[in-house]
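Taking it in order: structure first as structure tokens, then the write-up.
Just so it is clear, the structure is predicted and the values come from calculations on it, not from any experiment.
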Amino acid sequence: MTRLTGSALRVTVFVGENDTWHHRPLYTEIVHRAHAAGLAGASVFRGIEGFGASSLIHTSRLLSLSEDLPVAVVVVDTEERVRAFLPQLDELVTEGLVILDPCEVIRYVGRGPNRGEPDGKGKRSS
């Protein structure tokens, strides 16, 4: 079971939904590499509107549909583990923005092999 509490580092990677790495969505490659690196977790969030270096506004509104909406990949782990992962992001992200933020994790308990397995206190993890 993975436990992470206290000081941590959050890395947020902003890319476009259509950005790819070897014919695979870039956000997927980042998540899979974070998993392979043993990081605590990663989530991908699809934006509904935004702009970046190109200054073009991408939006999900019906009258101006965009096929390249902004995507944020968020990874949180100890500073040491996140910084060890940064060279992989340097390789993957050629256009985008990578932000590092110190944060505090209040509670993170990874699930056992069976989803919903008791956490040892008579409660089921969610």
I need the single residue from V98, V82, V75 that forms a side chain to side chain contact (heavy atoms under 4.5 Å, CB included) with L89. Which is it? V98
Please find the pair of heavy atoms, one from [X] and one from [Y], that lie closest to each other, and give the distance.
X: R46; Y: L69; answer: NH2-CD1, 3.2 Å
X: I106; Y: T5; answer: O-CG2, 3.6 Å
X: T12; Y: A72; answer: CG2-CB, 4.2 Å
X: D19; Y: E95; answer: OD2-O, 4.0 Å

Can you give me every donor-acceptor pair (side chain of residues 28-40, partner residue at least two apart or in another chain, under 3.5 Å) with its distance?
| unit_1 | atom_1 | unit_2 | atom_2 | d |
| --- | --- | --- | --- | --- |
| E29 | OE1 | R24 | NH1 | 3.3 |
| E29 | OE2 | R33 | NE | 2.9 |
| H32 | ND1 | R24 | NH2 | 3.4 |
| H32 | NE2 | R24 | NH2 | 3.3 |
| R33 | NH1 | E91 | OE1 | 3.1 |

How many angstroms lie between [atom1] in [X] and [atom2] in [Y], if you round to the nearest 0.5 Å?
X: F45; Y: Y27; atom1: CZ; atom2: OH; result: 14.0 Å
X: E79; Y: L100; atom1: CD; atom2: CG; result: 8.5 Å
X: R81; Y: L9; atom1: CZ; atom2: CG; result: 13.0 Å
X: S7; Y: E104; atom1: OG; atom2: CD; result: 6.5 Å
X: L26; Y: W21; atom1: CG; atom2: CH2; result: 8.5 Å

Common cluster, L86/L92, ILVMFWY with side-chain heavy-atom separation under 4.5 Å: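 Same cluster: L86 reaches L92 through Ile, Leu, Val, Met, Phe, Trp or Tyr contacts under 4.5 Å.
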Give the cluster check for F14 versus V44: same hydrophobic cluster or not, with ILVMFWY residues linked at side-chain heavy-atom distances below 4.5 Å. no
Does some side-chain heavy atom of V76 sit less than 4.5 Å from a side-chain heavy atom of C103?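 Yes, at least one pair of side-chain atoms sits under 4.5 Å.
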Test your reading of the model: is there a side-chain donor-acceptor pair from T20 to the backbone of H23, 3.5 Å cut-off? no
